[in-house]
Novice: 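Pasting a structure below so you can have a look.
Whatever order the structure lists them in is the order used to number ligands and atoms, beginning at 1. Start at 1 with the first residue, then count along the sequence.
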Amino acid sequence: MEVINTISQIRKTIKEQEKKGKSIGFVPTMGALHQGHISLINRAREENDLVVCSIFVNPTQFDNPEDLKKYPRTLETDCTLLEAAGCDYVFAPTAEEMYPTLPKLSIDFGNLEHVMEGKFRNGHFSGVGTVVAKLFHIVNPDRAYFGLKDLQQVAVLRRLVNDLSFDLDLIPCPIVREKDGLAMSSRNRRLSDDARKIAPQVHIALQKAKELLIQGKSSTEVKTIIEEHLHSFPELKAEYFEISDFDNLEPIPAMNNEGQTAICTAIYLDGVRLIDNIVF
Ligand code: PAF
């Protein structure tokens, strides 16, 4: 496995491989890797000749400087995990390499900006869209892999790929969970031991909401019941708990047809913002 830090070097390396007819699978990350990321690498490994993983904590998608500062940076351990998983190239640029000057461009994703993550994280998706577009131009992958834990990010990136005609397949991959149901996330390592015991309640609340919707309750009724349920865990502070259409992520009054309902939440616990969702 080769670790490359400059745009010119990764471009040169990939062009050489493409000339040999190799297909490229790409897994963009911000590092602090866990088994969720490794499942993306495994999938990319199965479907492509070569796997490239980028590790870049992208400053332009953080609206909270404290969150950016606290984001775990664990390049050495990440590289050990990636090498064991059979990754071929790690692209790990500095912020100066990616942004010699801060980008003036911003991307408006329409209604996706105004719900859930978009509503609470100002400029977040513009930052994600810009960095992913840059990475796609640099790596020129055949396929790019993203985890469905960030459901709204997948929706935004699908729009980016379609609207800007990127010549690649965007492959959404299932959420990987701990045994107790907590969705794997780089942020989980910031939870105290006590908070970690409470964290599975996020997934439990989603499951409970799903059951209630299946029983025929309206979204409003379900949200009231879940709000009350969450009150029994004062450590959990829900930022949003939304029942939405899977395609456009707009709120819906009751359950949709099969596969078209998404329940999404962001909950603060111990100063850590956990997000999770269920699609059914
Ligand atoms: O999901 C992430 O880790 C990031 O948002 C991404 C897609 C790597 C862009 O910085």
Novice: Asp194 and Ser192: side-chain donor and acceptor closer than 3.5 Å?
Specialist: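 The answer is no; no qualifying pair exists.
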Novice: Pairing donors with acceptors under 3.5 angstrom, does anything connect the side chains of Asp142 and Ser23?
Specialist: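 Not at all, the side chains of Asp142 and Ser23 share no donor-acceptor pair under 3.5 Å.
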Novice: Considering only heavy atoms of Thr29, which atoms of ligand 1 have at least one such atom less than 4.0 Å away?
Specialist: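 Per the distance check, 8 (C).
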Novice: Return the option from Cys53, Pro28, Ser54 holding the heavy atom at the smallest distance from atom 8 (C) of ligand 1.
Specialist: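 Ranked by closest heavy atom to atom 8 (C) of ligand 1, first place is Pro28.
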Novice: Determine whether the aromatic ring centres of residues Phe109 and Phe125 are separated by less than 6.0 angstrom.
Specialist: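 So the answer is no for these two rings.
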Novice: Kindly determine whether Arg158 and Asp247 satisfy salt bridge (Lys or Arg N to Asp or Glu O under 4.0 Å), including the steps that lead there.
Specialist: CA-CA 11 Å; Arg158 205 181 271 132; Asp247 287 323; 5.5 Å; no
Novice: Can you sort out which atoms of ligand 1 are near Gln61, meaning under 4.0 Å from one of its heavy atoms?
Specialist: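 Near Gln61, the atoms of ligand 1 are 4 (C), 5 (O), 9 (C), 10 (O).
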Novice: Within the 4.0 Å heavy-atom shell around Val131, which atoms of ligand 1 are there?
Specialist: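 The list of qualifying atoms is 9 (C), 10 (O).
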Novice: Apply the test salt bridge (Lys or Arg N to Asp or Glu O under 4.0 Å) to residues Glu117 and Arg273: give CA-CA distance (whole Å), side-chain angles for both, the deciding distance (0.1 Å), then the verdict.
Specialist: CA-CA 11 Å; Glu117 294 296 294; Arg273 190 172 183 275; 2.8 Å; yes
Novice: Counting from 1, what ligand 1 atoms have a heavy atom of Gln153 closer than 4.0 Å?
Specialist: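 Listed by number with element: 1 (O), 2 (C), 4 (C), 5 (O), 7 (C).
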